[in-house]
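Notes follow the structure.
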Amino acid sequence: MQTLQHLSKHIFYLTPVQKTDRPILAAVKGNKKTLIIDAGNSVAHAQLFQDELLKHDISGDILALTHSHWDHVFGLEHIGIPVICHEKTYQHIKGMQPLSWEDQALDQRVEEGTEIPFCADAIKLELGRNREISIPLPDITFEKKLTIDLGDVTCIIDHVGGDHAKDSCIIYVPEEKTLFLGDCFYANLYAEKWNYTAEEASLLVKKIEAYDADTYILSHHDQPCTKQEMEAELTLMKQCARAVVKHRGNRAKIEQDLAEEANRELTANEREMIGFFVNGYIEE
Ligand SMILES: [Zn+2]
């Protein structure tokens, strides 16, 4: 059951759904305009968010995309307002437009390795039999960073890239000390093995740390992360990035190193992240 959360004075969001891969959709409401973050994974998803916002007399004026993965853009067909995205996101959407999303086409792309089973399954589940997807092209593109004044609240959209998607953008709301991370903090899922690379992860951590936030919103997390939780995740990512290079991708040595540093046994979450870094390690 998805519910609309009133996170802070200017921010509302609709909770995610793991099973059908629905990400968080958010609204940042100023006294002039409201910015919507992401379009959702289907017209039904976009419609639900719009209906929930209307109950609070909120409607979007502009929409910003965090990246071009299907679950963030399939709802675009339903969005009748100007859409802003990074130029790479625009190009990716252009590339998605001619694709078929029928079972046969999806299965074939999974076979070829250009689609992953996780997404193909979620697409089938979310869309049912109606696979006629039209993804309109966004209206406004930018290259690095864009600031939107919504009236008494601001959104800074910043392209950060990273392992998950090269076009990933984060959205910072300074007045609320809130940072929308989209999917940028997640691993590269479009690979034989889910992975992080030391180089991309280190760059990403620096870009995230440049923003002073108390609340972090990851698109597929049920709960926002606190400053403390995010600091722990960022520290772990830095440790993994350093250790994977130092130990040349040797998992046992990396685990030993990190356990010694923490002076305790590693958690499942820590082991998982180490595994993703090992997967992404390429011998020089
Ligand atoms: Zn994604």
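Just so you know, ligand 1 is whichever comes first in the structure, and atom 1 is the first atom listed for that ligand. Keep in mind the model is a prediction, meaning the values are calculated, not measured. For reference, positions follow the sequence shown, starting with 1.
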For a quick check under 3.5 Å, do [X] and [Y] share a side-chain donor-acceptor pair by atom type?
X      : Y      : answer
His6   : His56  : no
Thr197 : Asp163 : yes
Asp257 : His247 : yes

Closest N/O/S atom of [X] to the Zn ion (ligand 1), by atom name?
X      : value
His67  : NE2
His69  : ND1
Asp183 : OD2

Answer yes or no for His164: is there an N/O/S atom below the 2.8 Å cut-off from the Zn ion (ligand 1)?
-> yes
Is the Zn ion (ligand 1) less than 2.8 Å from an N/O/S atom of Asp71, whether that atom is in the backbone or a side chain?
->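 No, Asp71 does not qualify, because none of its backbone or side-chain N, O or S atoms lies under 2.8 Å.
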Other ILVMFWY residues reachable from Met1 by side-chain steps of under 4.5 Å = none
Connected-component partners of Ile62 among ILVMFWY, side-chain separation under 4.5 Å |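 Ile62 shares its hydrophobic cluster with Leu7, Ile11, Tyr13, Ile24, Val28, Leu35, Ile37, Ile84, Ile140, Phe142, Leu146, Ile148, Leu150, Val153, Ile157, Ile171, Val173, Phe180, Ile217.
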